[in-house]
**Q** 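Sharing a structure here in structure tokens format.
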Protein chains: 2
Amino acid sequence: MGIVRKTKGVTTILKFFNQKGEATSVVHLIDLLKDKMNKTTVYRILDRLEHDGIIHSFNGKDGLKWYAKSIGCSADQHLDEHPHFQCTKCDKVECLPVEVKIPTIKNHKIDSTNILLLGKCEACSD
Amino acid sequence: MGIVRKTKGVTTILKFFNQKGEATSVVHLIDLLKDKMNKTTVYRILDRLEHDGIIHSFNGKDGLKWYAKSIGCSADQHLDEHPHFQCTKCDKVECLPVEVKIPTIKNHKIDSTNILLLGKCEACSD
DNA sequence: ATATTTTCGCAACTTTGTTGCATTAACAGT
DNA sequence: ACTGTTAATGCAACAAAGTTGCGAAAATAT
């Protein structure tokens with residue numbers, strides 16, 4: 001059912017994702033909000049927001065969960081199949097507005113993709 | 001430095017990867033070998049084998065670490081940039097011997113890729 | 001205003017992965 | 001084959017990410 005009530009926590013997290021365009025790890029978000037709300041609450045709000053298609057999740061380079069605001073995606077339609085880029089030096093993640101062609105694999109029905117590109121971001125290169 | 005000594009544990013794990021062609025999660029391997037060796041040892045042997053390019057690691061769909069035997073990859077040359085497929089029903093992972101074209105991203109130097117395709121494997125797609 | 005029901009906070013727990021240290025086992029040199 | 005050196009192991013304790021159950025608090029419906 002996703003978000004049903006507009007609580008203080010929901011408002012705070014929504015504002016966060018709307019202001020900061022970038023992706024965030026759950027760990028970072030919990031730390032950021034540690035004086036305002038409990039980590040369990042953060043996990044649960046993120047769940048609901050993702051379920052509603054407002055944000056989307058993916059795994060960063062060390063298996064940590066990350067979230068970012070969705071674009072072109074609703075509760076019924078999760079079109080958000082874009083790759084992500086993570087800097088191996090500063091850990092920053094960016095959503096990449098490009099499409100990656102996935103070859104068809106015999107005998108396999110591919111439902112979704114999880115593409116993470118690793119390298120140096122603009123600030124960290126050289 | 002990778003593997004220096006051929007211990008009982010190394011032999012066991014090497015045999016495992018040579019017989020079973022498929023990928024394995026560390027969790028599964030630890031459980032499988034729990035009577036034979038300590039989980040710390042499993043983690044450390046996997047580290048060394050990966051460092052030597054004998055196996056390679058990647059993250060499964062829930063961020064868990066997986067390993068599989070490497071093909072065409074040595075201690076100096078890690079060419080193993082293939083995508084993986086994981087079944088969302090039975091969790092099985094396969095290495096895909098295909099190449100995925102990654103578009104170049106402006107101002108980003110991409111060093112490696114981490115591509116996980118999710119769907120139903122042959123056995124699970126009824 | 002009050003009843004209903006979702007959401008929250010807290011504490012306790014689970015799971016994955018790591019670290020330090022004493023003991024054990026490879027193996028190189030004789 | 002014996003012995004010294006050093007890598008590798010086991011163990012226990014820890015750390016971090018994420019989950020669960022439950023009573024209390026706060027949204028929202030009536």
Side-chain angles (χ1 to χ4, degrees), chain A residues 1-17 23-52 54-68 75 84 86 88 91 93 114 116, chain B residues 1-17 23-52 54-68 75 84 86 88 91 93 114 116:
Chain A
M1 279 100 218
I3 294 293
V4 182
R5 296 186 181 183
K6 229 184 197 139
T7 65
K8 228 181 280 183
V10 169
T11 311
T12 305
I13 291 185
L14 272 179
K15 205 195 300 181
F16 172 85
F17 279 109
T24 318
S25 72
V26 181
V27 172
H28 177 238
L29 196 57
I30 287 171
D31 185 60
L32 205 80
L33 302 173
K34 64 168 174 288
D35 296 324
K36 289 191 186 161
M37 69 185 87
N38 191 271
K39 70 168 175 173
T40 311
T41 306
V42 175
Y43 278 111
R44 291 198 272 226
I45 291 177
L46 291 173
D47 266 358
R48 279 178 274 148
L49 288 175
E50 178 174 32
H51 188 279
D52 280 7
I54 296 165
I55 57 178
H56 64 279
S57 74
F58 54 94
N59 292 316
K61 68 184 169 62
D62 17 54
L64 288 196
K65 205 162 192 186
W66 286 66
Y67 282 92
H84 295 93
Q86 183 163 25
T88 50
D91 281 6
V93 172
N114 203 321
L116 186 66
Chain B
M1 279 96 221
I3 294 293
V4 182
R5 295 183 182 185
K6 226 179 198 142
T7 65
K8 228 181 281 183
V10 170
T11 310
T12 306
I13 291 186
L14 272 179
K15 206 195 300 178
F16 173 86
F17 279 110
T24 318
S25 72
V26 181
V27 172
H28 176 238
L29 196 57
I30 287 172
D31 185 60
L32 204 82
L33 302 173
K34 64 170 174 285
D35 297 323
K36 290 189 186 162
M37 69 184 87
N38 191 271
K39 70 168 176 173
T40 311
T41 306
V42 176
Y43 277 111
R44 291 197 272 224
I45 290 177
L46 290 173
D47 265 358
R48 278 179 274 148
L49 288 174
E50 179 175 31
H51 188 278
D52 280 7
I54 296 166
I55 56 177
H56 64 278
S57 73
F58 54 94
N59 292 317
K61 67 184 170 63
D62 16 56
L64 287 196
K65 205 164 191 184
W66 287 66
Y67 282 93
H84 295 92
Q86 182 161 27
T88 50
D91 280 7
V93 173
N114 202 322
L116 186 67

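So you know, we letter chains A, B, ... as the sequences are listed, proteins then strands, and number each from 1.
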**Q** dG18(D), dG10(D), dT28(D): which one has an atom nearest the side-chain heavy atoms of Lys6(A)?
**A** dT28(D)
**Q** Closest nucleotide of DNA chain C for Thr7(B) versus for Ile30(B): which of these residues is on the 5' side?
**A** Ile30(B)
**Q** Which part of the nucleic acid, if any, lies within contact of Ile45(A), taking any heavy atom under 4.0 Å across all strands shown: a base, the sugar-phosphate backbone alone, or nothing?
**A** sugar-phosphate
**Q** Establish, with yes or no, whether the OP1 or OP2 oxygen of dG20(C) is under 4.0 angstrom from a side-chain nitrogen or oxygen of Arg44(B).
**A** no
**Q** From the options dA27(D), dG9(C), dA17(D), select the nucleotide whose nearest atom is closest to the side chain of Met37(A).
**A** dG9(C)
**Q** Any side-chain N or O of Thr40(B) under 4.0 Å from OP1/OP2 of dT18(C)?
**A** no
**Q** dG9(C), OP1 or OP2 - any side-chain N/O from Thr41(A) closer than 4.0 Å?
**A** yes
**Q** Could you grab the distance from atom NE2 of His51(B) to atom CD1 of Ile54(B), nearest 0.5 Å is fine?
**A** 11.5 Å
**Q** What nucleotide among dG18(D), dT16(C), dG9(C) has an atom nearest to a side-chain atom of Lys39(A)?
**A** dG18(D)
**Q** Identify which nucleotide among dT9(D), dT18(C), dA7(D) has an atom closest to any side-chain atom of Val4(B), counting heavy atoms from C-beta outward.
**A** dA7(D)
**Q** Look at the side chain of Val27(A) and decide which nucleotide, out of dA27(D), dT6(D), dG18(D), has an atom nearest to it.
**A** dG18(D)
**Q** Which one, dT16(C), dG10(D), dA17(D), comes nearest to the side chain of Leu64(B)?
**A** dT16(C)
**Q** Please tell me which of the listed nucleotides, dG9(C), dG10(D), dA8(D), lies nearest to the side chain of Arg48(B)?
**A** dA8(D)
